[in-house]
Amino acid sequence: MAAKRWIDGDETAAEMLSRVSSERPFLLLPPLHRVPLRVGNVVELAGPSSSAKTQILIQAAVNCILPREWNGVHYGGLERLVMFIDLDCRFDILRLSEMLKHKIMEPNGSMHDHEELFAACMRRFMYVRCYDSLEFLATLKTLHHRLKREKAMHNVNIQLLMIDSIGPFHWVDRGSTFFPLGSHNRKCLSLQSISETVVQEIRKLLVLHPMLVIATKEIVLGNVYGTDGAKQNKYMLEASGIRSITSSSQQLPYREFMPPIWQSLITHKILVRASDDHLLIRPDQENSLYLSEWLLPSLGYQDKFVVKDAGIFVVS
Amino acid sequence: MAPFKALELEYPIIDSNFQTFCASHGILSVEDFLIHDLYELAAFAKQQPTSEKLEQGITQILSIIDEQHQPWVNGMELLDDTLHRKHVVPTGCEGVDLLLGGGLHEGQLTELVGPSSSGKTQVCLLAASYLASKHMGTVVYLDTGNSFSTQRIAEFVGRFSNHMFSQAGHRNFQKVMNNILCHSVFDIFTMFNVLHQLEFNMKSQLQKGGQVRLLIVDSISSLITPILGNIGSQGRALMTSAGYLLKKLAHEHNIVVLVTNHTVGGERGIPKPALGQIWKTVAHVRLLLSADHGNDTRSISVLKHPSMASGKVARFRV
């Protein structure tokens, strides 16, 4: 029986062609451009608070929902669906719509007559917010059916699943462990069982719907005063009238809090952080300078980038 | 979330046969279902004599859990919600409103950070009086340190509405004062209580007065600090839950949430916001208040804003 199923084959040539073409590696916009990413990859975007993580997600999402071409104008997008799961509950849709408008206006000069394109792109962006881990699990468990419906409705495939960010419920889940009652083989609800189920559900989704997963992760860098704390502390310093003391330390140790099962899921890892250099060199500059570094695969060098209205630009 | 027994009445497909099958896999409630491998469960169901009914039961529970999360919306719907239901509410404090481009945003959690006597409570009282005076809605004020001053509120309200002394003016004054509801809250559990009650009232439209537009917690840090010292994760769990509850109220009911936080001495004596790194990520907007020496001018600066570069400063008087 199993052997017969194996011989029978499970897809037609046309299906295979569309699968292979959708599985081709594609390059994302900077700072994710150094490594070719394929559908099925799970990228972890780690960084301290306000290190442009969500900005990177927005840029990737805009690139994904834009069409390749519209009325003869080239936009270079992928015309695919983006599913955005907001666990931080801080997402601002205006930032996405502004950037999308910017991209549409670039070749045209104005938004005039492009409302239809704008609306079509925005409808390819799907958003949900979760206020606790159980809502997150319920979302993941029903995502397969949701995706089937969306694919049929839009007649396009999903390309990106974004989670912003993984792990904000860590402490709540750690605190909510209880002893299972009523049945000897009942699983108990705990940090462990929740992360296991999250990873398991994402793995299953990736089999059924080939897509790229990008999850951000909020970390606390060991060297608080040299990095993420720098910006905030600068203003604190000004407010308190104490002169800034620079820290030149470059090591980036941070405490990993996600369980090993999550580590086993991710295939790529990039670290972003705000640079503190520029505060000293160009304190009047509008755009903050950020650093990105691939940790998995380890490339061993850093890209510098700035965030402008039009998107992210590498400046190294 | 409900145990299956309780669901049987509403959904006849979840019958005793289905319950026994699930119980044999250690699933007694919808929660258990969420942390279980459903593909595996479906495979087991196939081997049972009543497989068809069991599979229907699984589909039924899947559609129940589809209701347990917030609905998916597309970018257009989300943009529409932001543009038409999330307004900017002025605080009545010119410096603050100018700095923030009009005021505080509905749907967002704004945090005021500053050392003692830097004007945090004053900004809260001012925002409450302004909103009530302009008849924009109801204010719910959670006071944690007996710093809510009715005299100060009355003074502000008098400033915002003219002819206090006429008959009509007096009636108006009473109406305005009735739209500011103050709760004294001295621990985090009472706060959860008040907020859950508020959420329930708003959902079932039982809330007294007009629509709640502004929720103030002055100060959130005095509720959280006492529970953070504990060994173990309970304190941090409660802090995270409190943050999510406030953000949920803000977003689902289009409310401005304003909380205050004090500062503590960091390394090298530099003051930093209290409550640490986990709390740091909670608020949408974080503003720093500081007092200038020798006069009543206060300066306010942006520490974090979703669409604004940090570091902008404004000055105002209290």
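Values below: every heavy atom of this structure, side chains too, minus hydrogens, waters and symmetry copies. Letters A, B, ... mirror the listed sequences (proteins, then strands); counts begin at 1.
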Quick one: what part of B:D37 sits under 4.5 Å from any heavy atom of chain A, side chain, backbone, both or neither? both
The test is side chain to side chain contact (heavy atoms under 4.5 Å, CB included); show your working for A:F136 and B:H69 and say whether it passes. CA-CA 7 Å; A:F136 182 39; B:H69 65 81; over 6 Å; no
Close side-chain approach of B:I278 and A:W171, heavy atoms under 4.5 Å: yes
Looking at OG of A:S193 and NE2 of B:H36, how far apart are the two atoms once the value is rounded to the nearest 0.5 Å? 11.5 Å
Anything under 30° is parallel, anything over 60° is perpendicular, the rest tilted; go ahead and classify A:F169 against B:Y244. tilted
Please look at A:C130 and chain B and tell me whether the side chain, the backbone, both or neither of the residue comes under 4.5 angstrom of a heavy atom of that chain. backbone
In terms of heavy-atom pairs under 4.5 Å with chain B, which of A:T139, A:D92, A:L96 leads? A:T139
Does the side chain of B:E252 reach to within under 4.5 Å of the side chain of A:R129, using non-hydrogen atoms? yes
So which atom in A:M122 and which in B:M76 form the shortest heavy-atom distance, rounded to 0.1 Å? CB-SD, 3.6 Å
Could you pull out the closest heavy-atom pair between B:L79 and A:S97, with the gap in Å? CD1-OG, 3.7 Å
Which of B:L38, B:T240, B:L238, B:T281 touches chain A most, by non-hydrogen pairs under 4.5 Å: B:T281
Is it the backbone or the side chain of B:P71 that comes under 4.5 Å from a heavy atom of chain A, or both, or neither? backbone
Which residue is it: B:I65, B:L34, B:I35? I am looking for the one with a side chain to side chain contact (heavy atoms under 4.5 Å, CB included) to A:L134. B:L34
Heavy-atom pair count under 4.5 Å with chain B, highest-scoring of A:L87, A:I194, A:I65, A:L100: A:L87
Near A:K151 NZ, under 6.0 Å, is it more than 12 heavy atoms from other residues, nucleotides or ligands? yes
Verdict with supporting geometry, B:V73 and A:V128, side chain to side chain contact (heavy atoms under 4.5 Å, CB included): CA-CA 6 Å; B:V73 289; A:V128 73; over 6 Å; no
Is A:H170 close to chain B through its backbone or its side chain, or both, or neither, when contacts mean heavy atoms under 4.5 Å? neither
Which region of B:S241, side chain (C-beta onward) or backbone (N, CA, C, O), has a non-hydrogen atom less than 4.5 Å from a non-hydrogen atom of chain A, or is it both or neither? both
Residue part contacting chain B, namely of A:R123, when any heavy atom lies under 4.5 Å: both
Can you confirm whether A:E135 sits close enough to B:Q68 that some side-chain heavy atom of one is under 4.5 Å from a side-chain heavy atom of the other? no
Check whether any side-chain heavy atom of A:Y127 lies under 4.5 Å from a side-chain heavy atom of B:Q70, and answer yes or no. no
Working to the nearest 0.5 angstrom, can you tell me the gap between A:C89 SG and B:H284 NE2? 7.5 Å
Against chain B, label A:L143 side chain, backbone, both or neither, depending on which of its atoms sit under 4.5 Å from a heavy atom there. side chain
Mark yes or no for whether B:K247, through its side chain, and A:D88, through its backbone, hold a donor-acceptor pair below 3.5 Å. yes
Could you tell me whether the side chain of B:W72 reaches within less than 4.5 Å of the side chain of A:M83, counting heavy atoms only? yes
Please flag which part of B:L83 lies under 4.5 Å from any non-hydrogen atom of chain A: side chain, backbone, both or neither. side chain
When rounded to the nearest 0.5 angstrom, what is the spacing between CD1 in A:I93 and NZ in B:K86? 12.0 Å
B:L109, part contacting chain A, at a heavy-atom distance under 4.5 Å: neither
Atom group of B:Y39 that falls short of 4.5 Å from chain A, counting heavy atoms: side chain
Can A:R146 and B:D66 be counted as an ion pair, charged N to O under 4.0 angstrom? no
At a 4.5 Å cut-off on heavy atoms, which part of B:A283 comes close to chain A: side chain, backbone, both, or neither? backbone
Distance, nearest 0.5 Å, that separates CZ of A:F125 from CD of B:E77: 12.5 Å
